[in-house]
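Shown next, in structure tokens, is the structure this report addresses.
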Amino acid sequence: MSNLPSQQPVHVAGSITVIGITLARSIHYISSLFMMAYLSPEVIGEFAFAMFLMLAIYTLLTTGVESRIIAKESRESYLAESWTIELLRGGFTLLVILFIYIYNLYNSSLTISHQYLIILGISMFIRCGKNINMVTSRRALNMLPIFYVELGSAISLLVTSIILVIIYQSGWALAMGYFFSSITYTFLSFKFLPREGSILKFNMSSFYEIFSYSKWLMFSAQIVSFFENIVPLMISQIFGTSALGFFERSDLYTRKIIAQITQVFWIVGLPWASRSSRDNRKFVEIFTLILLFFIILAIPSLVALSIFVPKLLVSIGGEAWLGTEDIVRALCVVSVIACFNVPFCIVMQAIKRPNLSLWAGVVKLSVFILILMMWGSDNILSFIYALAWANLLSLFFYFIASFYYLKIDITEVIKDSLLLSLPFILFHQIGYEIIVDSNFLHQLFFVVVFFILNLIFCFFVISRKQQIRNTITSMFNRILS
């Protein structure tokens, strides 16, 4: 008999996920603020270079097994084979990192970033050995064990990194913090979940079946990795590690915060959408609701971040962090456009069309490279706004794909998207210049008012549809009961 958890309602899973991710990421951000108080942009940039390089290598070996387990029926999951593949992935990542280290050592070009890279490679290998039932728990929307694991890992990162940075005031506090958080993460995954499936098992026919589904996710992951990891590495090589430090911290407190909201909707939305994979009409409702709740959370958050983050960086890190205002504002624009891509990505994977995510990524990559060739790369802002245009064109591709495969009325989707983005467009073009130099209380009042008005406006836009109104009412009744 299986020890795997039974399915939970979406609103319960969503609540646990929101609380868990909020706590875990809040702890992570507190740790990051301590690092800024003790470390310069250059030191943070050196560690960021190692982290982005490790993640680029790790993503290069993407297997897509987690998405496959969630999207497929339980009997087709191949848990042991999937756990074996993930462990091999971590091992290959470490081997590539060792090769890079030895190559630079042999050529007398070894830097502190390469030393950080070794620790990060070992950490990722440990993390790849996590309990495979972390994924099956997600599929069942049983988020409480995942909450404990993420929270414990975040606390381990906080304690280790803060103690080390206070004592040594070195970038090694960042590397060792990640190392100990990886150990905690893997240990707790076995502590709070059954071990069923987390065993080594080599079966070539099962491996073939897994990769036949995952191949599109593997290719699309490389494009995602380019924007998440390779672009920062390019910034480091062109503008230096200090510039990368500025970019990484600005990105961490703007776009990455919105990415955490994205993670909530991925964790809950993909299993929810996968349950309705045989009913295309249901996807219109799912898509609309994900978009609604995402925009309600994301848009006001980006307004607040664009105002307060530059002041936060300077107040914590000192005058060395002056000059991040334009970077933060540009990253918020990128994030707003990316918000509208999330529901499309979830739905495409739920209907077993991961190849469409790949082609959306191809569009995004092509536009990005073309714009850089036309505009040049004189400063970091040219990179960021090229990302914004690339996101916009990939969103247009999703509009077309949704119309073709799901028979969704593309004019309605475009109209809803434009209406939902209108509050941020008005803020970015008019409100930002007015409010950015105001005092803190005026800015806080503005953000609260914006949140309320945006909330009312979003519900007004979406609730024009009777089916959506009924679903929202039903969800709130469940929560209140």
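Just so you know, these numbers use all the heavy atoms, side chains as well, and skip hydrogens, waters and symmetry mates.
Closest heavy-atom contact between Tyr116 and Ala175: CD2-CB, 4.1 Å. Contact record, Ala50 with Ser113: CB-O, 3.2 Å, taken as the closest heavy-atom pair. Looking at every heavy atom in both residues, Phe179 comes nearest to Ser123 through CA-OG, 3.1 Å. Nearest heavy atoms, Leu94 versus Gly121: CD1-C, 3.6 Å. Shown here for Ala388 and Val333, the closest heavy-atom pair between the two residues is CB-CG1, 4.3 Å. Here the closest non-hydrogen pair linking Leu381 and Ala330 is CD2-CB, 4.0 Å.
Side-chain atoms of Pro310 and Val314, non-hydrogen and from C-beta on, never get closer than 4.5 Å to each other. Looking at Ile30 and Phe34, their side chains come closer than 4.5 Å, going by heavy atoms from C-beta outward. Taking the side chain as every heavy atom from C-beta outward, Val328 and Leu305 never approach each other to under 4.5 Å. You'll find the side chain of Tyr185 reaches within 4.5 Å of the side chain of Glu150, heavy atoms only. Side-chain atoms of Phe446 and Val303, non-hydrogen and from C-beta on, do get closer than 4.5 Å to each other.
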Step by step, would you call Tyr178 with Met124 a side-chain contact (heavy atoms from CB on, under 4.5 Å)?
-> CA-CA 9 Å; Tyr178 186 78; Met124 183 53 72; 3.3 Å; yes

side-chain contact (heavy atoms from CB on, under 4.5 Å) assessment of Met176 paired with Ile119 = CA-CA 7 Å; Met176 297 309 297; Ile119 300 299; 4.1 Å; yes

Run the numbers on Phe125 and Thr93 for side-chain contact (heavy atoms from CB on, under 4.5 Å), then give the verdict.
-> CA-CA 7 Å; Phe125 177 68; Thr93 301; over 6 Å; no

Going through the distances and angles, do Phe47 and Trp172 end up as a ring-ring contact (aromatic ring centres under 6.0 Å, His included)?
-> CA-CA 8 Å; Phe47 175 77; Trp172 282 105; 9.3 Å; no

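Looking only at distances, no side-chain donor or acceptor of Ser306 sits under 3.5 Å from a matching main-chain atom of Arg329. Between the side chain of Asn104 and the backbone N or O of Ile100 there is at least one donor-acceptor pair closer than 3.5 Å. Checked by atom type and distance alone, the side chain of Thr59 never pairs as donor or acceptor with a backbone atom of Ala56 at under 3.5 Å. Checking side-chain atoms of Gln443 against main-chain N and O of Ile435 turns up a donor-acceptor pair under 3.5 Å. Looking only at distances, a side-chain donor or acceptor of Asn439 sits under 3.5 Å from a matching main-chain atom of Leu441. Using modelled atom types, one side-chain atom of Thr186 and one backbone atom of Ser182 make a donor-acceptor pair closer than 3.5 Å. A donor-acceptor pair under 3.5 Å is absent between the side-chain atoms of Thr160 and the main chain of Leu157, judged by distance alone. His114 places a side-chain N or O within donor-acceptor distance of the main-chain N or O of Thr111, the cut-off being under 3.5 Å. Ser153 contributes a side-chain N or O that, together with a main-chain N or O of Ser181, makes up a donor-acceptor pair within less than 3.5 Å. Looking at Thr254, its side chain never comes within 3.5 Å of a backbone N or O of Cys332 through a donor-acceptor pair.
In this structure, Tyr253 has its ring center no closer than 6.0 Å to that of Phe308. For Trp389 and Phe368, the distance between ring centers is not under 6.0 angstrom.
Heavy atoms of other residues, nucleotides or ligands lying less than 6.0 angstrom from OH of Tyr29 number more than 12.
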Only pairs under 3.5 Å count here: list side-chain donor-acceptor contacts from residues 235-251, not counting sequence neighbours, and write none if there are none.
{"residue": "Arg249", "atom": "NH1", "partner": "Ser32", "partner atom": "O", "Å": "3.4"}
{"residue": "Ser250", "atom": "OG", "partner": "Phe246", "partner atom": "O", "Å": "2.8"}
{"residue": "Asp251", "atom": "OD1", "partner": "Arg255", "partner atom": "NE", "Å": "2.8"}
{"residue": "Asp251", "atom": "OD2", "partner": "Arg255", "partner atom": "NH2", "Å": "2.9"}

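Between Phe427 and Phe424, the two ring planes are tilted [angle within 30° to 60°].
In this structure, CD on Glu46 lies 10.0 Å from CG on Leu39, to the nearest 0.5 angstrom. To the nearest 0.5 Å, atoms OG (Ser315) and CG (Leu313) are separated by 7.5 Å. To the nearest 0.5 Å, the span separating CZ on Phe460 from CZ on Phe457 amounts to 8.0 Å. Ile369 contributes atom CD1, which lies 12.5 Å from atom NZ of Lys364 (distance to the nearest 0.5 angstrom). The line from CG of Leu393 to CG of Leu365 is 12.5 Å long, rounded to the nearest 0.5 Å. Annotation: the span from Leu53 atom CG to Ile97 atom CD1 amounts to 7.0 Å, rounded to 0.5 Å.
Geometric assessment of Arg127 against the ring of Tyr58 yields a negative cation-pi assignment under the 6.0 Å and 45° thresholds.
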